[in-house]
Amino acid sequence: MSNNSDHSIEHHIQTYIRVFIALGVLTVITVAVSYLEVSFIEAFFLAITIATIKGSLVLGFFMHLISERAAIIWILVATTVAFI
């Protein structure tokens, strides 16, 4: 049983490392977007899109909401209502 537990822990660690790398890449992309010659509105929507992806990664994996389908739906509904 210990071997199965070790494998499960290694799988979670690999997932966290991948998410961490994705967050780093998205941060670099966010900084790169700030140097683009685009209008304020285009830069704003690019930044919001990237921030939404990064927030979804944090909520889903680091806050373990990926396995909580009902919680994700309520968060999306609340976010949409707040945005409107």
Side-chain angles (χ1 to χ4, degrees):
M1 180 148 174
S2 177
N3 190 20
N4 188 22
S5 177
D6 290 341
H7 178 67
S8 176
I9 290 171
E10 287 295 323
H11 174 71
H12 286 292
I13 290 173
Q14 289 176 355
T15 301
Y16 294 144
I17 290 172
R18 287 184 188 129
V19 171
F20 179 74
I21 290 169
L23 290 171
V25 168
L26 288 169
T27 300
V28 169
I29 292 171
T30 302
V31 173
V33 165
S34 71
Y35 289 104
L36 291 178
E37 297 285 332
V38 295
S39 70
F40 173 77
I41 297 297
E42 292 169 335
F44 174 78
F45 281 111
L46 280 171
I48 290 296
T49 301
I50 295 168
T52 301
I53 295 168
K54 287 168 57 175
S56 298
L57 286 172
V58 170
L59 287 171
F61 292 98
F62 292 136
M63 297 179 75
H64 305 286
L65 291 179
I66 198 95
S67 60
E68 300 288 334
R69 184 172 176 88
I72 291 173
I73 291 171
W74 280 109
I75 289 170
L76 291 174
V77 168
T79 303
T80 303
V81 169
F83 183 73
I84 291 172

K.L.:
Quick one: name the residues clustered hydrophobically with Phe83, using the 4.5 Å side-chain heavy-atom rule over I, L, V, M, F, W, Y, and just say none if it's on its own.
P.N.:
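None; Phe83 is a cluster of one.
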K.L.:
Can you tell me how far OG of Ser56 sits from CD1 of Ile75, rounded to the nearest 0.5 angstrom?
P.N.:
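Going from the CD1 atom of Ile75 to the OG atom of Ser56 covers 9.5 Å.
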K.L.:
Restricting to non-hydrogen atoms, name the atom on Ala22 and the atom on Leu57 that form the minimum distance, rounded to 0.1 Å.
P.N.:
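Closest approach of Ala22 to Leu57, heavy atoms only: CB-CD1, 4.0 Å.
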K.L.:
Starting from Ile29, can I reach Val19 by hopping between I/L/V/M/F/W/Y residues whose side chains sit under 4.5 Å apart?
P.N.:
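Yes, one cluster joins them.
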K.L.:
Can you hop from Ile21 to Ile50 via hydrophobic side chains spaced under 4.5 Å?
P.N.:
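Hydrophobic grouping puts Ile21 with Ile50.
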K.L.:
Which residues satisfy the side chain to side chain donor-acceptor pair (under 3.5 Å) test with Thr30, sequence neighbours excluded?
P.N.:
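Checked Thr30 against side chain to side chain donor-acceptor pair (under 3.5 Å); zero matches.
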K.L.:
Quick one: which residue pairs count as a side chain to side chain donor-acceptor pair (under 3.5 Å) with a foot in residues 72-84, not counting sequence neighbours?
P.N.:
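Residue pairs passing side chain to side chain donor-acceptor pair (under 3.5 Å), neighbours aside: none found.
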K.L.:
Report whether Leu46 and Val28 are members of the same hydrophobic cluster (ILVMFWY, side-chain heavy atoms less than 4.5 Å apart, transitive linking).
P.N.:
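Different hydrophobic clusters.
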K.L.:
Which residues pass the side-chain contact (heavy atoms from CB on, under 4.5 Å) test with Val77, not counting sequence neighbours?
P.N.:
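Partners of Val77 by the side-chain contact (heavy atoms from CB on, under 4.5 Å) criterion, ordered by chain and then number, come out as Ile73, Val81.
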K.L.:
With ring pair (Phe, Tyr, Trp, His ring centres under 6.0 Å) as the rule and sequence neighbours excluded, what pairs involving residues 10-39 come up?
P.N.:
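The answer is Tyr16-Phe62.
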K.L.:
Strictly by side chain to side chain donor-acceptor pair (under 3.5 Å), give each pair with a member in residues 45-54 just once, sequence neighbours left out.
P.N.:
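Sorted pair list: Thr27-Lys54.
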K.L.:
In terms of hydrophobic clusters joined by side-chain contacts under 4.5 Å, are Ile53 and Leu36 together?
P.N.:
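As far as the 4.5 Å side-chain criterion goes, Leu36 and Ile53 are connected within one cluster.
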